[in-house]
Every structure is written in C-alpha cells, then in structure tokens.
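As structure tokens, the structure follows; a few thoughts come after it.
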Amino acid sequence: MTAKVIAVSSNKGGVLKTSVTTNLAGVIANKGKRVLIIDVDSQSNVALTFGQNPDEFKYKVKHTVFDLLTADHTSEFKLDPADAIMTVDKNIDLMATNDDMVAFEFTVLEDPNKFSFERRFFLLKEIVDELRELYDFILIDTPPNLGLTQGNVLTASDGILIPFQPETYSMRSLIKILKVFREFKEDNNSMLEIIGVVPTMVKENTMIHRNVIMMLRDYGQIHGIRIARNHIPNSIQYSTSVGYDERPITISKPKDKLSRVYFELVKELDIMRGKKNV
C-alpha cells in the first residue's frame, strides 16, 4: 500500500477547498480505503468539519503539523508524524493543525541555518513520505495563497485538484495558478499531475455561471486541462451537514443526490486510478 497524494488547491479563498477535500475523503473511505487528510491551513476547517476543536488539540495529540514542519531534523529526538494524527471517522485520519501555522513561513525564512534554501520546499514531503505506506490516499487541504506553504504542498503531492467558482474574475485567477503549477512542475516536481478543475458553488439557473463554465471548457480543451463535468452545486445542505451532523455530506448522507455528485466526480476524474480492488 503506497498512498496517492492529492492536494486540493487554489489561490482564491471561499471556493470550497475544505468541502471538496472532506467530501472526497468520505467517498474514498466509503470504498474501504484508508485516508489521511493533512490540513496546512491555519483556519483548521477540516477539524471543524469533523466536530473537532483546534484549540483542544494540545490535549488530543502530541504535535501539530506546524511542530512537524519546523522541527530540527538533525536532532536525535526526531518527532514522529504519527503523534500529530487523530482518527475522525471510519477509515479517515486527520493530521492536526491550528493557528500556529500562521507563523510557518516566517519561522522557516528567518532561520536559514536550520532551514537551508534547498530544503525549504521539502519539509512536508519528508513527513508525507514517512506515511505513504500507511494509507491508500493522502489528501492535503491548502491555504489560499502561493507562498512557501503551497510550495511544500506541491513538492509533496502526486496530483492537484483545483476548485473553481465560475465568476467572471475567477478565470484570470485560474489562468495564473495553472501557470504557476506548470512552472513548479518543470522546476521542482516532474511527477506532479493536474488532475482537473472542478466548478464549485454553481448556480445552474444563472447565465453568468453557464457562460463562465463554457469559457472554462474552451480554455481546458485548448490547453489540455481536464474540466470536470460533474460540478458542485450551490447548496446550503453541504454546510448544514457539517453544522448539524459534524460530518461532510458524503459520510452523513451518502445516498443523497448532493453526495452522488462527489461519487460521480471521483469516477469521472479517475481519482482512484492506480489503487487495487476498487
């Protein structure tokens, strides 16, 4: 068992990165596969999705993602990544994060002796590689920026899934991030795959969303970018599931039509590719 590592990434906030991450985890876990979610966003929304309070992590785990990323790797007292992991549902573990992650980039950049330039983008990969044999899939939820944290995510990942809200100004942002991902692949991680772009918060009855999605599909066809036909509709039920059931809807109501969107998305984008007994 060697995990496939998928980052759910965008340089724009509010596009359902955490919702996509956790609902995909629900689909994959439903198929009997072991999933680890690594949250590197200081907002800790993955934990909140599963009813966990990030302010109480110090009582539940020995370390957080921040502790692991900023630890002295030359020390004889090397931190164990397993000490930052908690089980949040059947077949789903979470590597805990909290608002300490706000200081990650400053901590690394201010100490060039401890974090050499060559190693700065490999801090997360070192952790992920220790865990690959324990899971079928590792999903990484990311902050909405393109800084050092994102660089670590891209170095550690096999593939990227990009949530996209179909607003007019979003196309410009998407084109920029795709350019960054391609350049990063060329320079740092030749195995990195753009799995696809997933339209989210889609209002099918609005002309603007239909037009932007048409533009998106044209762009994807020209540039060889896969655009998912299964899109995530704009529905309060996704957040209701989190608020009342403390679970993503693919776990709380797997047979609901809104859940089935994610099951079909996994099939369409061949996310389970390379895993046996699926």
Side-chain angles (χ1 to χ4, degrees), residues 1-12 15-25 27-28 31 33-41 121-133 135-164 171 173-200 216-232 262-276 278:
M1 178 168 62
T2 301
K4 182 176 182 179
V5 183
I6 300 174
V8 180
S9 183
S10 172
N11 60 338
K12 185 176 182 299
V15 295
L16 302 189
K17 285 192 298 295
T18 300
S19 183
V20 170
T21 303
T22 54
N23 277 292
L24 287 179
V27 173
I28 296 168
K31 295 177 180 293
K33 301 301 178 181
R34 292 202 66 202
V35 185
L36 172 66
I37 304 175
I38 299 178
D39 189 357
V40 293
D41 188 345
F121 284 127
F122 289 85
L123 302 172
L124 182 60
K125 179 175 170 55
E126 291 172 7
I127 297 166
V128 167
D129 285 350
E130 286 191 51
L131 299 168
R132 278 185 184 263
E133 300 302 320
Y135 296 93
D136 295 294
F137 287 85
I138 297 176
L139 305 181
I140 307 177
D141 191 23
T142 64
N145 61 53
L146 293 174
L148 183 59
T149 302
Q150 191 73 252
N152 269 268
V153 170
L154 297 179
T155 302
S157 300
D158 303 318
I160 315 164
L161 202 59
I162 307 170
F164 172 81
M171 277 299 300
S173 178
L174 177 66
I175 291 169
K176 280 188 173 183
I177 195 171
L178 286 169
K179 181 175 182 290
V180 169
F181 287 164
R182 290 195 196 95
E183 291 174 351
F184 195 93
K185 175 176 180 172
E186 291 176 7
D187 297 338
N188 298 281
N189 183 1
S190 62
M191 303 302 291
L192 188 64
E193 170 195 11
I194 297 177
I195 297 171
V197 177
V198 181
T200 62
L216 178 63
R217 297 202 189 290
D218 289 342
Y219 179 86
Q221 189 169 15
I222 293 169
H223 295 277
I225 302 295
R226 197 170 189 180
I227 311 301
R229 298 219 165 259
N230 286 283
H231 56 249
I232 312 305
Y262 278 102
F263 282 86
E264 291 302 318
L265 180 67
V266 167
K267 188 186 301 183
E268 177 192 355
L269 296 181
D270 205 13
I271 287 173
M272 305 292 288
R273 172 168 47 86
K275 312 314 294 182
K276 298 180 180 179
V278 177

CG of Leu216 to CZ of Phe164, rounded to nearest 0.5 Å, is 5.0 Å
For Ile138 and Ala3, the nearest pair of non-hydrogen atoms, with its separation, is CG1-CB, 3.7 Å
Discussion item. Can you confirm whether Lys12 sits close enough to Val15 that some side-chain heavy atom of one is under 4.5 Å from a side-chain heavy atom of the other?
Written reply: yes
Note to self: Could you check whether any side-chain heavy atom of Leu154 comes within less than 4.5 Å of a side-chain heavy atom of Leu192, counting everything from C-beta outward?
What the structure shows: yes
When Leu269, Val266, Ile6 are each screened for side chain to side chain contact (heavy atoms under 4.5 Å, CB included) with Leu24, the one that passes is Val266
#### Entry: Side-chain touch Thr142/Val8, heavy atoms, less than 4.5 angstrom
no
Donor-acceptor pair, distance only, cut-off 3.5 Å: does the side chain of Ser157 make one with the backbone of Val5? no
_Using side-chain heavy atoms (C-beta onward) and a distance below 4.5 Å, is Phe137 in contact with Arg34?_
no
Would you tabulate the side-chain donor-acceptor contacts of residues 223-231 under 3.5 Å, counting partners in other chains and residues two or more places apart, or write 'none'?
residue : atom : partner : partner atom : Å
Arg226  : NH2  : Glu268  : O            : 2.6
Asn230  : ND2  : Glu268  : OE1          : 2.8
His231  : NE2  : Glu204  : OE2          : 2.7

Q. Side-chain donor-acceptor pair under 3.5 Å between Ser173 and Asn11, yes or no?
A. yes
Rounding to 0.5 Å, atoms CD1 (Ile38) and OH (Tyr135) come to a distance of 9.0 Å
Main-chain N/O of Ile271 paired to Lys4 side chain as donor or acceptor, under 3.5 Å
yes
Interatomic distance, CG@Asn23 vs CD1@Ile232, rounded to 0.5 Å, equals 7.5 Å
Side chains of Asn152 and Phe122 in contact at under 4.5 Å (non-hydrogen atoms):
no
| Heavy-atom distance under 4.5 Å between the side chains of Ile195 and Asp270, does that happen here? | no
One should read off an interatomic distance between Asp129 CG and Leu131 CG, to the nearest 0.5 angstrom, of 9.0 Å
dist Met171:CE -> Asp218:CG (nearest 0.5 Å) comes out at 9.0 Å
- Between Glu186 and Arg182, is there a side-chain N and carboxylate O pair less than 4.0 Å apart? no
Q) Given side chains that start at C-beta, do those of Leu124 and Thr155 come closer than 4.5 Å, heavy atoms only? A) no
Practice prompt. Output, in order, the C-alpha distance, side-chain angles, deciding distance and verdict of side chain to side chain donor-acceptor pair (under 3.5 Å) for Thr18 and Asp141.
Written response: CA-CA 6 Å; Thr18 300; Asp141 191 23; 2.6 Å; yes
Residue pairs meeting salt bridge (charged side-chain N to carboxylate O under 4.0 Å, His left out), one or both in residues 144-161, sequence neighbours left out, come to Arg132-Asp158
Check your understanding: Any donor and acceptor pair, going by atom type alone, linking the side chain of Asn189 with main-chain N or O of Lys185 inside 3.5 Å?
Key -> no
Rounding to 0.5 Å, atoms CG (Leu146) and CZ (Phe184) come to a distance of 10.5 Å
Exercise. State, yes or no, whether a side-chain contact exists between Ser9 and Leu161 at a heavy-atom distance under 4.5 Å.
Key: no
